[in-house]
Amino acid sequence: MSTRLQVMKFGGSSVGNAECIARAAQIIAKGAREGRCVAVVSAMSGVTNRLIEAAKTAQAGNGSGATAIMDALRTQHETALGSLVSSEEERERVRQKMEAVLTEGGRFCEGTALLRELSPRTLDAISSLGERLSAPLVAAAVRELGLPSEAIEATDLIVTDEFHGGAEPNMDRTRGKSQTRLLPLLERGIVPVVTGFLGASEQGELTTLGRGGSDYSATILGAALDADEVIIWTDVEGVLTADPRLVAEAQSIPEISYREAAELAYFGAKVLHPKTLRPVAQAAIPVWIRNSFAPDKPGTKITPQGQSKGGGVKALTAIQDVTLISVGGPGIVGLPDVVGRTFSTTAEVRANVLLISQSSSQNDICFGVSSADLQRTVDALRREFAQDLDHHKVEHIRVDPHIAIVAVVGQNMCGTPGIAGRTFNAMGEAGVNIIAIAQGSSETNISFVIEEKSIVPALRTLHREFGLHKSAD
Ligand code: ADP
Ligand code: ASP
Ligand code: MG
């Protein structure tokens with residue numbers, strides 16, 4: 001009988017410097033002594049942003065600027081290595097591994113600077129270098145604790161489609177590759193430390209899963225390996241009732257359902273990548289969110305059913321990086337298929353549509369998309385409706401970037417009357433102007449669009465209104 005298997009993911013701040021990496025290594029070692037343990041790691045905090053900056057600097061033709069960023073990253077990783085590993089011989093081995101990654105990165109930047117062209121494929125190759133640098137460091141830190149450990153690149157494990165910057169896994173292929181590569185290591189008592197964030201297409205081309213995608217890497221591997229649980233180690237005590245940076249009174253939630261956590265993630269709770277719970281839903285693998293800076297605290301357990309003591313509202317969230325697009329004008333009344341054409345277009349460009357609202361007179365459809373998807377969405381809509389715009393059937397495609405979407409989430413809201421009334425009353429009293437509203441028929445969330453500047457008063461008022469500051473449900 002095989003022993004219990006845990007997949008543990010460490011986010012950027014949990015591997016942010018040598019001290020954090022040493023703490024992460026302790027947690028991994030404890031897990032590996034209790035059963036089988038696969039670690040998944042993010043880049044050290046801030047590194048992915050710096051790499052993207054290097055790529056953009058190179059694209060602008062400034063090769064030496066990109067090299068300067070790479071040099072700073074080399075120093076940062078070597079400093080961490082110096083404090084983590086005591087033997088010079090071992091340090092040299094890890095340094096060589098990191099140097100090979102940095103040299104590859106340097107070549108990508110040189111090519112980009114030369115051509116002044118940055119394809120999504122090259123951006124993936126550059127932005128994923130951080131994970132390829134942190135994994136050898138974490139594996140070395142685990143070995144320092146006396147446990148055999150090996151850094152593994154997820155290009156050998158996670159098979160994806162070719163959508164660079166937001167690739168989707170092929171779970172069957174991933175399952176086969178991950179089991180073949182990782183199970184024999186675990187069998188021999190070796191702790192695999194896998195690079196988060198990245199995978200490779202069938203053709204072997206490196207892809208990334210989207211910003212914050214290491215959470216997704218962890219659950220993809222958890223499902224592929226039939227893990228008993230996935231633990232996401234981060235810098236807060238689990239899923240909180242609101243973003244603690246916006247609502248200081250936010251409380252940790254002991255248990256929450258897949259559905260609720262997915263809604264929160266989808267509506268911007270940065271603690272989880274929006275797709276994190278997809279791979280584990282079918283196998284009902286529990287996911288924990290825990291604080292690597294306070295490993296004794298239990299954190300949040302995410303389970304299929306969650307746990308509710310009534311109350312209805314479990315948590316609030318808000319997204320700022322969104323833009324409202326409206327397609328409309330009186331001319332669209334009676335124009336067949338505007339809704340269909342609008343959303344086939346957003347689907348074609350893989351825009352993340354967060355909320356949809358349509359007035360009953362049908363002369364305006366508005367929807368919120370991530371600002372990162374804005375340009376390609378509007379360009380595609382203008383192409384799709386080019387003729388209609390010419391003939392004034394569709395009178396406008398308008399954008400408003402100065403908005404935010406707030407979501408009130410809780411599966412017990414379903415069948416609890418009065419929550420929408422209390423939400424909008426409270427907003428009225430706080431003087432928050434509501435621009436659009438959406439509520440799914442599942443009644444797990446009410447989401448609405450407000451002006452960006454009202455985000456903090458909106459969240460703080462609702463947090464009090466639903467008593468979330470008292471203790472978590
Ligand atoms: P990591 O680097 O570990 O992946 P992230 O920065 O991506 O960590 O996510 C953790 C952060 O998410 C927290 O520090 C917190 O500021 C933010 N956050 C936003 N909403 C929530 C929420 N509802 N619960 C917990 N954290 C949240
Ligand atoms: N390092 C990647 C990012 O910053 C992935 C992650 O941290 O989850 O987006
Ligand atoms: Mg994250």
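Heavy atoms only: backbone and side chains are in, while hydrogens, waters and symmetry mates are out. Keep in mind the model is a prediction, meaning the values are calculated, not measured.
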* Run the salt-bridge test on Glu229 and Lys301 with the 4.0 Å N-O cut-off and return the result as yes or no. => no
* Asked: How many angstroms lie between atom CG of Leu209 and atom CZ of Phe163, to the nearest 0.5 angstrom?
  -> 12.5 Å
* To do: Please report the C-alpha distance between Ile397 and Arg382 in whole Å, then the side-chain angles of each, then the deciding distance to 0.1 Å, and finally whether the side chain to side chain contact (heavy atoms under 4.5 Å, CB included) criterion is met.
  => CA-CA 8 Å; Ile397 293 175; Arg382 295 229 155 94; 4.2 Å; yes
* Any donor-acceptor N/O pair, Thr174 side chain to Val159 backbone, under 3.5 Å -> yes
* Indicate yes or no: does Arg74 engage Asp71 in a salt bridge with an N to O separation below 4.0 Å. => yes
* Asked: So how far is it from Asp243 CG to Thr317 OG1, rounded to the nearest 0.5 Å?
  -> 7.0 Å
* 4.5 Å side-chain heavy-atom contact, Val280 and Tyr258 -> yes
* To do: Please determine if Glu88 and Arg95 form a salt bridge, counting it only when a charged side-chain N lies under 4.0 Å from a carboxylate O.
  => yes
* To do: Compute whether any side-chain donor of one residue and acceptor of the other, for Thr160 and Thr207, lie under 3.5 angstrom apart.
  => yes
* Asked: Got a donor-acceptor contact below 3.5 angstrom from the Gln179 side chain to the Ala224 backbone?
  -> yes
* To do: Enter the distance from Arg181:CZ to Leu186:CG here, rounded to the nearest 0.5 Å.
  => 11.0 Å
* Hey, does Leu123 have a side-chain heavy atom less than 4.5 Å from the side chain of His164? -> no
* To do: Look at the side chain of Asn352 and the backbone N and O of Val369, then say whether any donor-acceptor pair between them is shorter than 3.5 Å.
  => no
* Could you check if a side-chain atom of Leu462 sits within less than 4.5 angstrom of a side-chain atom of Val408, using non-hydrogen atoms only? => yes
* Asked: What do the steps show when you test Ile158 against Leu221 for side chain to side chain contact (heavy atoms under 4.5 Å, CB included), and what is the final call?
  -> CA-CA 8 Å; Ile158 298 180; Leu221 289 176; 4.1 Å; yes
* For the student: nearest non-hydrogen atoms of Glu452 and Pro401, plus distance -> OE1-O, 4.2 Å
* To do: Report yes or no: do Ser371 and Thr323 form a side-chain donor-acceptor pair below 3.5 Å?
  => yes
* To do: Go through the steps for Glu168 and Arg278 under the test salt bridge (Lys or Arg N to Asp or Glu O under 4.0 Å), then give the verdict.
  => CA-CA 11 Å; Glu168 284 296 342; Arg278 277 190 206 170; 3.6 Å; yes
* Around atom CD of Gln282, are there more than 12 heavy atoms of other residues, nucleotides or ligands at under 6.0 Å? -> no
* Asked: Using a distance-only test with no angle check, is there a side-chain donor-acceptor pair under 3.5 angstrom linking Ser257 and Glu260?
  -> yes
* Asked: Has the side chain of Thr276 got a donor or acceptor atom that lies under 3.5 Å from a matching backbone atom of Leu272?
  -> no
* **Check: Glu205 main-chain N/O paired with Ser201 side-chain donor or acceptor under 3.5 Å** => yes
* **Any donor-acceptor N/O pair, Ser217 side chain to Phe197 backbone, under 3.5 Å** => yes
* Asked: How close do Asp215 and Val271 get, heavy atom to heavy atom, and via which atoms?
  -> OD2-O, 3.7 Å
* **Distance-only polar pair, side chains of Asn49 and Glu53, donor-acceptor under 3.5 Å** => no
* To do: Run the numbers on Asp161 and Asn170 for side chain to side chain contact (heavy atoms under 4.5 Å, CB included), then give the verdict.
  => CA-CA 7 Å; Asp161 62 15; Asn170 172 332; over 6 Å; no
* May I have all residue pairs that pass salt bridge (charged side-chain N to carboxylate O under 4.0 Å, His left out) and include part of residues 102-116, sequence neighbours excluded? => Glu104-Arg132
* Measure the acute angle between the ring planes of Trp233 and Phe10, then classify it against the limits of 30° and 60° as parallel, tilted or perpendicular. => parallel
* Inter- and intrachain pairs under ring pair (Phe, Tyr, Trp, His ring centres under 6.0 Å), touching residues 262-291, at least two apart -> Tyr216-His273
* To do: Verify, without hydrogens or angle tests, whether Asn17 (side chain) and Cys20 (backbone) share a donor-acceptor contact under 3.5 angstrom.
  => yes
* Asked: How close do Ile126 and Ala55 get, heavy atom to heavy atom, and via which atoms?
  -> CD1-CB, 3.9 Å
* **Exam field: side chain Arg460 to backbone Ala248, donor-acceptor pair closer than 3.5 Å** => no
* Asked: With a 3.5 Å cut-off and no angle check, do the side chains of Ser86 and Glu144 form a donor-acceptor pair?
  -> yes
* Considering all heavy atoms of both residues, which atom of Gly222 and which atom of Val230 are nearest to each other, and what is their separation? -> CA-CG2, 4.0 Å
* Side chain Ser119, main chain Thr122, donor-acceptor under 3.5 Å -> yes
* Rounded to the nearest 0.5 Å, what's the gap from CG on Leu316 to CG on Asn445? Could you check? => 11.5 Å
* To do: Specify the closest pair of heavy atoms between Ala43 and Ser134, including all atoms of both residues, with the distance to one decimal.
  => CA-OG, 3.8 Å
* **Check: Arg175 and Asp226 side chains under 4.5 Å, non-hydrogen atoms** => yes
* **SB check Arg290 Glu237 (cutoff 4.0 Å)** => no
* Asked: Taking all non-hydrogen atoms of both residues, which atom of Val15 and which atom of Ser42 are closest, and how far apart?
  -> CG2-O, 3.5 Å
* **Exam field: side chain Thr208 to backbone Leu198, donor-acceptor pair closer than 3.5 Å** => no
* Asked: Do the non-hydrogen side-chain atoms of Ile289 and Thr234 ever get within less than 4.5 Å of each other?
  -> yes
* How far apart are the C-alpha atoms of Met70 and Leu51, what are their side-chain angles, what is the distance that settles it, and do they pass the side chain to side chain contact (heavy atoms under 4.5 Å, CB included) test? -> CA-CA 8 Å; Met70 293 307 229; Leu51 287 164; 4.0 Å; yes
* Looking at Arg350 and Asp373, does any basic side-chain N land under 4.0 Å from a carboxylate oxygen? -> no
* To do: Kindly indicate whether the side chain of Ile403, heavy atoms from C-beta on, has any atom under 4.5 Å from the side chain of Glu451.
  => no
* Does CZ belonging to Arg121 count more than 12 external heavy atoms closer than 6.0 Å? -> no
* Would you call Leu147 and Arg143 a side-chain contact if the rule is heavy atoms closer than 4.5 Å? -> no
* Would you call Ile365 and Ser326 a side-chain contact if the rule is heavy atoms closer than 4.5 Å? -> no
